[in-house]
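Scope of the values below: all heavy atoms of this structure, side chains included, with no hydrogens, waters or symmetry mates. The chains referred to below are lettered A, B, ... by the order of the sequence lines, with proteins before strands, and numbering in each begins at 1.
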There are 2 protein chains.
Amino acid sequence: MRARDELKEEAIREEALKMIVEKGFDGLSMQKLAKAAGVSPATIYIYYKDRDDLIVQLWVHEMDKMIDATLKDFDPDAPFAEGLRVQWMNRARYSIENPLNSEFLEQIKHSPYHNVSIDKVDPRFLEAMQRFVHNGIRRKEVVKLPMEVYWSIAFAPLYNLVRMHMAGRGLGGRQPFVLDDKMLEQTLKLVIKALTP
Amino acid sequence: MRARDELKEEAIREEALKMIVEKGFDGLSMQKLAKAAGVSPATIYIYYKDRDDLIVQLWVHEMDKMIDATLKDFDPDAPFAEGLRVQWMNRARYSIENPLNSEFLEQIKHSPYHNVSIDKVDPRFLEAMQRFVHNGIRRKEVVKLPMEVYWSIAFAPLYNLVRMHMAGRGLGGRQPFVLDDKMLEQTLKLVIKALTP
DNA sequence: AATATAAGTGAACGAACATTCATTTATATT
DNA sequence: AATATAAATGAATGTTCGTTCACTTATATT
């Protein structure tokens with residue numbers, strides 16, 4: 001039998017990502033995607049059941065990559081401030097170096113597709129995060145908090161800064177905006193201040 | 001001459017909002033919208049130049065409502081912790097009481113439509129915010145920060161909690177999640193801790 | 001070299017799409 | 001009551017959509 005062409009598969013993912021980020025979900029047309037990826041429309045349906053399945057599988061794939069990047073050198077048993085810094089910097093670096101990939105994830109998260117994809121987060125990631133935070137609380141390095149509150153304070157500011165950095169504009173969109181290392185450090189410091197007793 | 005039917009206009013906005021939040025931007029069809037709003041497709045084009053214009057104008061309209069709600073009883077010259085609390089609670093209440101409206105705004109913010117709409121934020125709102133923060137810095141109630149960092153720490157956690165509350169599920173989507181007043185207070189307290197010297 | 005098998009294709013399908021247009025309807029002004 | 005005007009319409013426009021299907025192509029196995 002004939003083997004699958006990994007390059008085709010990758011091209012489809014790549015172009016789909018680009019189309020969605022640049023034109024939104026209503027800008028993703030299967031025929032245009034096929035043309036952009038250099039394959040026949042029918043080929044896409046070998047890999048994906050339908051358009052929705054393509055989007056959800058793409059999300060799973062990108063989420064995996066993001067999680068891998070975020071957890072690089074991360075040790076859930078490390079001291080809290082250190083562990084949080086590793087995750088922060090990993091995440092910031094990955095987002096800035098892979099703007100299409102991270103914008104796509106943000107776009108999904110704030111769209112109805114999220115209801116479908118949300119269940120598919122790697123449970124090992126959640127467990128690692130939970131252990132990390134509970135370690136911190138046990139050692140009195142972190143104030144006692146529901147996971148959702150912790151998460152919102154720890155990472156939502158980062159995501160927001162990254163989003164403005166991508167857009168190249170800050171609040172109200174009138175002024176240019178660049179997220180530099182100093183600002184990242186400054187924000188992280190304040191986040192740690194909020195979360196430590 | 002014949003007068004415009006305000007009810008029709010409102011019905012179009014209402015149904016468009018519902019369609020976008022429930023089915024995403026690719027779920028907004030002009031013909032389905034017309035049917036849902038009880039008007040002819042052609043009628044929509046009296047109010048809006050085209051589909052994109054409808055979405056952008058809808059954003060402007062909803063943004064106005066959100067800003068009005070957020071600034072209710074807000075005084076930019078009030079003490080920092082007090083002013084921030086007013087905005088927080090206003091915003092949280094409006095979002096929870098008007099889930100469609102606030103989900104729509106979040107959806108736009110994380111989509112390519114944001115590039116078009118971002119310039120249209122009411123400048124008076126931005127000026128009020130700027131004055132409020134600069135007041136705080138001047139009075140040494142707030143650490144010195146770029147507006148973008150301030151904003152990210154002050155509000156991104158709130159938006160994130162509200163989003164999970166809407167979805168009814170927390171991190172990873174496996175556990176139910178309800179944002180209650182206690183949690184809101186707890187988070188606000190930590191945010192203030194981060195932002196005050 | 002022959003064969004079986006799944007990858008890959010281009011053209012075609014009906015359905016749904018955004019938008020327009022000739023016409024009708026309601027009403028403020030006269 | 002007549003008139004002017006813009007609102008409102010339903011049907012129709014051509015286009016693009018997601019998806020399928022009969023067919024060809026490449027290759028791993030024999």
Between dT5(D) (P) and Ile46(B) (CD1): distance, integer Å: 17 Å
Asp5(A) CG to dA28(D) C1', straight-line distance once rounded to whole Å: 16 Å
Nucleotide forming a Watson-Crick or wobble pair with dT24(D), both distances under 3.5 Å: dA7(C)
Sugar-phosphate, base or nothing in reach of Tyr48(B), heavy atoms under 4.0 Å: nothing
Min side-chain heavy-atom separation Met164(A)-Ser152(B) under 4.5 Å: yes
Given DNA chain C, 5'-ward residue of the pair Arg4(A) and Gln31(A), judged by closest heavy atom: Arg4(A)
Candidates dG8(C), dG18(D), dT19(C) - which lies nearest the side chain of Met30(A): dG18(D)
Phosphate-side-chain proximity, Thr43(A) and dT9(C), N/O vs OP1/OP2 below 4.0 Å: yes
Passing candidate, side-chain contact (heavy atoms from CB on, under 4.5 Å) with Lys193(B), options Leu195(A), Val143(A), Leu190(A): Val143(A)
Touch class at under 4.0 angstrom, heavy-atom based, for Ala3(B) against every strand present: sugar-phosphate
Separation of atom CZ in Arg51(B) from atom C1' in dC17(C), rounded to whole Å: 10 Å
Whole-Å gap separating P (dT20(C)) and CD1 (Ile44(B)): 13 Å
base_contact_polar (dA7(C) base, Arg2(A) side chain, donor-acceptor, <3.5 Å): yes
Side-chain N,O (Lys32(A)) to OP1/OP2 (dG18(D)) below 4.0 Å: no
DNA chain C: 5'-proximal contact among Asp26(B) and Ala42(A) (nearest heavy atom): Ala42(A)
Presence of Tyr47(A) side-chain N/O under 4.0 Å of dG8(C) phosphate oxygens OP1/OP2: yes
Atom-to-atom span, CD of Glu9(A) to C1' of dA6(C) - whole angstrom: 14 Å
Mutual orientation of the aromatic rings belonging to Phe155(B) and Trp151(B) [parallel < 30°, tilted 30-60°, perpendicular > 60°]: tilted
Nearest-angstrom distance from the residue atom OH of Tyr45(B) to P of dA11(D): 18 Å
Between P of dA7(D) and NZ of Lys8(B), the distance in whole Å: 13 Å
Note: Lys65(A)-Glu62(A) ion pair, threshold 4.0 Å (strictly below): yes
d(NZ, Lys23(B); C1', dA16(C)) in whole Å: 15 Å
Nearest-nucleotide comparison on DNA chain D, the residue closer to the 5′ end among Ser29(A) and Ser40(A): Ser29(A)
Trp59(B) and His114(B) aromatic ring geometry - parallel, tilted or perpendicular at 30°/60° bounds: perpendicular
Sugar-phosphate only, base, or nothing, as touched by Leu28(B) at under 4.0 Å among non-hydrogen atoms: sugar-phosphate
